[in-house]
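The figures here come from the full heavy-atom set of this structure, side chains too, leaving out hydrogens, waters and symmetry mates. Numbers for residues simply follow the sequence, beginning at 1.
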Amino acid sequence: MSSVLFDAPGPKARARYRILGVVTALVIIAIVGFIVLRFAQSGQFDEKKWHLFTFPLVQQTIVQSVGATLSAFATAAVFSLVLGVFLAFGRLSDRKWISLPCYGFTELFRAIPLLILMMIFYYGLPPLGVQGITPFTAVVAGLVLYNGSVLAEVFRAGIESLPRGQSEAGYAIGLPKSAVMTNILLPQAVRSMLPVIISQLVVILKDTALGFIVTYNEILFQAKFFGSQAQYGSPIIPSAIIAGVLYVGMCLILAGIAKWLEGRMRRNVKVVKVAKSEIVAIEG
């Protein structure tokens with residue numbers, strides 16, 4: 001397939017790609033080296049800056065903030081996927097009184113910045129008489145509304161990209177539209193759009209950092225708190241480095257799980273194809 005869609009690079013093109021790769025690597029190494037050098041010259045690697053993070057209570061607090069981040073992410077991811085599926089089905093409905101509200105809901109919450117959503121929930125609703133809004137509730141509600149609307153477009157695009165024959169085959173054997181959507185179209189759309197879905201889940205994980213605006217006790221909130229401790233030299237950069245490493249580590253783990261899941265789904269498809277070929281051979 002690659003030979004049909006793209007021309008194979010020749011010797012000059014391969015040499016040019018190698019040179020560009022080497023130059024890019026050197027530029028990245030130079031930038032990272034400059035940043036590390038500036039950190040060293042400004043005393044960011046001094047023992048005093050990092051001494052705060054040797055206390056067991058501080059380490060325990062960081063672990064708790066990781067748990068709070070993962071808790072908000074897991075809750076928001078599940079509800080965002082569910083909301084995205086429902087909104088996608090609503091937008092694809094033949095009834096205007098269903099599709100139009102779903103269209104308006106999706107476009108509205110995709111357009112509102114996530115930070116404003118969280119602030120509306122946490123600071124705007126209590127003065128209107130809505131009680132019980134915790135920082136966790138505000139963070140999860142904002143994440144679900146925004147990312148659920150984005151995922152709705154992902155699911156809708158995935159379903160509409162499938163060949164029309166897929167749905168027509170379902171209707172031909174007498175399946176209702178709901179069964180065609182849930183049993184035929186949605187599984188294929190999820191499989192084809194899985195990289196985009198996983199990318200959006202990574203976005204949800206990173207967007208939990210906005211929870212520090214509504215005092216949610218997640219990683220960035222704790223990093224900001226530790227970075228403001230003047231008696232330990234205000235270790236802002238060490239706190240940011242630790243928070244960044246934690247976020248990068250969690251995103252890499254999530255990407256690894258997604259890659260494993262994608263490979264497993266592809267293997268399942270191969271098994272089905274083999275089974276079908278065996279059935280055809282037996283019938284023949």
Problem - Verify same cluster id: L108, I120 (apolar side-chain graph, 4.5 Å) - result: yes
Exercise for the section: Report yes or no: does K206 contribute a side-chain atom to a donor-acceptor pair with the main-chain N or O of Y247 at less than 3.5 Å? Expected result: no
Handout entry: Y123 vs V214, side-chain contact (heavy atoms from CB on, under 4.5 Å): CA-CA, chis, key distance, verdict
Key = CA-CA 8 Å; Y123 297 111; V214 294; 4.0 Å; yes
Problem - Y17, OH atom: more than 12 neighbouring heavy atoms under 6.0 Å - result: no
Practice task
Please check if I236 and L220 belong to a single hydrophobic cluster, counting links between Ile, Leu, Val, Met, Phe, Trp and Tyr side chain heavy atoms closer than 4.5 Å.
Solution key: no
Handout entry: Side chain E153, main chain S149, donor-acceptor under 3.5 Å
Key = no
Problem - CG-CG distance between L143 and L205, expressed to the nearest 0.5 angstrom - result: 10.0 Å
Exercise for the section: Show your working on side-chain contact (heavy atoms from CB on, under 4.5 Å) between V203 and Q200 and close with a plain yes or no. Expected result: CA-CA 5 Å; V203 170; Q200 195 61 37; 3.9 Å; yes
Practice task
Step through the shown structure and confirm whether more than 12 heavy atoms of other residues, nucleotides or ligands are within 6.0 Å of OH on Y103.
Solution key: no
Practice task
Verify, without hydrogens or angle tests, whether T137 (side chain) and I133 (backbone) share a donor-acceptor contact under 3.5 angstrom.
Solution key: no
Problem - Pairing residues for Q131 by the side-chain hydrogen bond (donor to acceptor under 3.5 Å, both in side chains) criterion, not counting sequence neighbours - result: none
Problem - Interatomic spacing from CG in L201 to SG in C251 - rounded to 0.5 Å - result: 11.0 Å
Exercise for the section: Flag yes if L194 and V78 sit in one hydrophobic cluster, no otherwise; membership is Ile, Leu, Val, Met, Phe, Trp, Tyr, and two members link when side-chain heavy atoms are under 4.5 Å apart. Expected result: no
Exercise for the section: Could you point out which residue of I28, I29, V27 forms a side-chain contact (heavy atoms from CB on, under 4.5 Å) with I31? Expected result: V27
Problem - Same apolar cluster (I L V M F W Y, side chains within < 4.5 Å links), L252/I257 - result: no
Fill in the blank from the handout: Apart from I98 itself, its cluster of hydrophobic side chains linked below 4.5 Å comprises W97
Exercise for the section: Could you tell me whether the side chain of I242 reaches within less than 4.5 Å of the side chain of W50, counting heavy atoms only? Expected result: yes
Practice task
Please examine the side chains of L145 and F121, heavy atoms only from C-beta on, and report whether any two atoms are closer than 4.5 Å.
Solution key: yes
Problem - Side-chain heavy atoms of F86 within contact of C102, under 4.5 Å - result: no
Practice task
Before giving the answer on side-chain contact (heavy atoms from CB on, under 4.5 Å), spell out for L254 and F73 the whole-Å C-alpha distance, their side-chain angles and the decisive distance to 0.1 Å.
Solution key: CA-CA 11 Å; L254 180 60; F73 160 71; 3.9 Å; yes
Exercise for the section: Could you tell me the separation between the OG1 atom of T54 and the CD atom of Q59, rounded to the nearest 0.5 Å? Expected result: 7.0 Å
Practice task
Using atom types as modelled and distance alone, determine if a side-chain donor or acceptor of S93 lies under 3.5 Å from a backbone N or O of G90.
Solution key: no
Practice task
Identify the two heavy atoms, one from Q229 and one from P235, that lie closest to each other, and give their separation to 0.1 Å.
Solution key: O-CD, 3.6 Å
Problem - Closest approach of G148 to L83 (non-hydrogen atoms, all atoms of both residues) - result: CA-CD2, 4.0 Å
Practice task
Taking all heavy atoms of K49 and all of S234, pick out the closest pair and write down the distance.
Solution key: NZ-O, 3.8 Å
Handout entry: Short side-chain to backbone donor-acceptor contact, Y216 and A68, under 3.5 Å
Key = yes
Handout entry: Minimum side-chain heavy-atom gap T69-L246 below 4.5 Å
Key = no
Problem - Min side-chain heavy-atom separation Q166-L185 under 4.5 Å - result: yes
Fill in the blank from the handout: In terms of heavy-atom contacts, A209 and E218 come closest through CA-OE1, 3.5 Å
Completion exercise
To the nearest 0.5 Å, atom CD of Q60 lies from atom OG of S65 at 11.0 Å
Exercise for the section: Examine F105 together with F109 and report whether their ring centres are nearer than 6.0 Å. Expected result: yes
Fill in the blank from the handout: When every non-hydrogen atom of T215 is compared with those of P135, the smallest separation belongs to OG1-CG, 3.7 Å
Problem - From CG (L186) to CZ (F89), nearest 0.5 Å - result: 4.5 Å
Handout entry: Modelled atom types, side-chain donor and acceptor of N217 and Q64, under 3.5 Å
Key = no
Handout entry: Side-chain donor/acceptor of S71 to backbone N/O of G67, under 3.5 Å
Key = no
Practice task
Heavy atoms only: give me the nearest D207-M118 pair and the separation to one decimal.
Solution key: O-CE, 3.9 Å
Exercise for the section: Kindly work out whether a path of hydrophobic side-chain contacts (I/L/V/M/F/W/Y, heavy atoms less than 4.5 Å apart) joins L20 to V23. Expected result: no
Practice task
Output, in order, the C-alpha distance, side-chain angles, deciding distance and verdict of side-chain contact (heavy atoms from CB on, under 4.5 Å) for F225 and S239.
Solution key: CA-CA 9 Å; F225 172 75; S239 299; over 6 Å; no
Handout entry: Side-chain heavy-atom pair L81, I197 within 4.5 angstrom cut-off
Key = yes
Exercise for the section: Kindly indicate whether the side chain of L175, heavy atoms from C-beta on, has any atom under 4.5 Å from the side chain of N183. Expected result: no
Handout entry: Within 6.0 angstrom of F136 CZ, more than 12 heavy atoms from elsewhere
Key = yes
Practice task
Please identify each residue that fulfils side-chain contact (heavy atoms from CB on, under 4.5 Å) with L37, with sequence neighbours left out.
Solution key: Q41
Problem - Nearest-0.5 Å distance, OG1 of residue T208 to CE of residue M250 - result: 6.5 Å
Practice task
Look at the side chain of T75 and the backbone N and O of A72, then say whether any donor-acceptor pair between them is shorter than 3.5 Å.
Solution key: no
Exercise for the section: Answer yes or no: is there a side-chain heavy-atom contact under 4.5 Å between F55 and T61? Expected result: no
